[in-house]
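In this chain, numbering begins with 1 at the start of the sequence shown.
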Amino acid sequence: MLLSSTMVSQEKLQDYDRDAEIKAFEDSKAGVKGLVDAGLTKIPNLFIHENLSLNNNINCSNNSTPTSMVEDPEKTIPLIDFKGIDDKIGGGREEVIEQVKNACENYGFFQVINHGIPLHVMEEMLEGIRMFHEQDVLVKKDYYSRDYDTKHFLYNSNFNLFQVKVAAWRDTMTFIRGSSTPNSQELPPFCRF
């Protein structure tokens, strides 16, 4: 199993070496998906927050049934309508900017509608991302990097892995582009346009 010699379970906390676990995880260049594909049966400690447990963080109703964010209107995902964002005269742009600012400050994320991106483009993008992540780990390793200064396409797990106390259970693809036209050859084949 990938990383099995250094990944530890909750029972062995007294011998836990977080730096060694992070190094083994990073050196594998396999990401979270690589752990899952390798048959991981216990979540590594670098992903476990010591003060959180499932039982303490589920919003339960009177009959102890968990409720979803959809059922709780105070926990809905902000929906921002981009219609009118190009309206410099009618004030639509300022309103959209204020909604984005509010969502970022109070929720950390939001959903956008009327953004002008055709549905087929979004579906193709999601399919490209899925196909990239489904590739063999040996193929993905060529793209695994934290070199945000010189590379335009990066694949890694937790951009801040070495700065945070607890890692997030995620792998990330990043495509950095400035004002120049992107070079599709910098992207993995499944992600090219």
### Query
Yes or no on side chain to side chain contact (heavy atoms under 4.5 Å, CB included) for F110 and V100, after CA distance, side-chain angles and deciding distance?
CA-CA 8 Å; F110 52 90; V100 169; 3.9 Å; yes
### Audit row: R170, V32, side chain to side chain contact (heavy atoms under 4.5 Å, CB included) steps and yes/no
CA-CA 6 Å; R170 68 166 178 244; V32 170; 5.6 Å; no
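- Once rounded to the nearest 0.5 Å, the distance linking CD of Q111 with CD1 of I80 reads 10.0 Å.
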### Task
Report the C-alpha separation of K23 and D19 in whole Å, then their side-chain angles, then the decisive distance to 0.1 Å, and conclude whether the salt bridge (charged side-chain N to carboxylate O under 4.0 Å, His left out) test is met.
CA-CA 6 Å; K23 182 174 181 349; D19 292 338; over 6 Å; no
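- Judged purely by atom type and a 3.5 angstrom limit, N160 has no side-chain atom pairing as donor or acceptor with the backbone of Q163.
- A 4.5 Å side-chain heavy-atom check between N156 and T172 finds at least one atom pair inside the cut-off.
- Between A167 and L161, the shortest heavy-atom distance links the atoms CB-CD1, 3.8 Å.
- Proximity of F82 to V96: side-chain heavy atoms (C-beta onward) are separated by under 4.5 Å at one or more points.
- Rounding to the nearest 0.5 Å places CG of D171 at 7.0 Å from OH of Y144.
- The heavy-atom pair separating E186 from Y143 by the smallest distance is O-CE2, 4.4 Å.
- To the nearest 0.5 Å, atoms CE (M122) and NE2 (H120) are separated by 9.5 Å.
- Contact check for R18 versus N45: no side-chain heavy atoms found under the 4.5 Å cut-off.
- Checked against the 6.0 Å centroid threshold, F159 and Y148 do not count as a close aromatic pair.
- Rounded to the nearest 0.5 Å, atoms CH2 (W169) and CD1 (I43) are 5.5 Å apart.
- Heavy atoms only, all atoms of each residue included: L138 and D136 are closest at N-OD2, 2.8 Å.
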### Message
Applying side chain to side chain contact (heavy atoms under 4.5 Å, CB included) to I97 and R93, what does each step give before you reach the verdict?
### Response
CA-CA 6 Å; I97 290 170; R93 182 177 184 82; 3.8 Å; yes
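- Within 6.0 Å of NZ on K29 lie no more than 12 heavy atoms contributed by other residues, nucleotides or ligands.
- Counting heavy atoms from C-beta on, the side chains of F153 and P188 come closer than 4.5 Å.
- Formation of a donor-acceptor pair under 3.5 Å by the Q135 side chain with backbone atoms of F132 is found in this model.
- Across all non-hydrogen atoms, the minimal contact from F47 to L35 is CE1-CD1, 4.0 Å.
- Y155 has its ring centre no less than 6.0 Å from the ring centre of F175.
- Rounding to the nearest 0.5 Å places CZ of R146 at 10.0 Å from OG1 of T174.
- Here the side chains of M131 and E134 are not in contact, with every heavy-atom distance at 4.5 Å or above.
- Taking every heavy atom of both residues into account, G31 and S28 meet most closely at N-OG, 4.4 Å.
- The backbone N or O of L154 sits nowhere less than 3.5 Å from a side-chain atom of S145 that would complete a donor-acceptor pair.
- The main-chain N or O of N102 is found under 3.5 Å from a side-chain atom of N106 such that the two form a donor-acceptor pair.
- The closest side-chain heavy-atom distance from F190 to I129 is not below 4.5 Å.
- Counting only distance, with no hydrogens or angles, the side chain of K140 and the backbone of H133 share a donor-acceptor pair below 3.5 Å.
- Tracing side-chain contacts under 4.5 Å through hydrophobic residues (I, L, V, M, F, W, Y), one never reaches L46 starting from V164; they form parts of separate clusters.
- Note on I22: it clusters hydrophobically with L40, by side-chain heavy-atom contacts below 4.5 Å among ILVMFWY residues.
- Within 6.0 Å of NZ on K151 lie no more than 12 heavy atoms contributed by other residues, nucleotides or ligands.
- The structure places CG of D81 at 8.0 Å from CD of Q99, a figure rounded to the nearest 0.5 Å.
- Side-chain contact check for E98 versus E95: every heavy-atom pair is 4.5 Å or farther apart.
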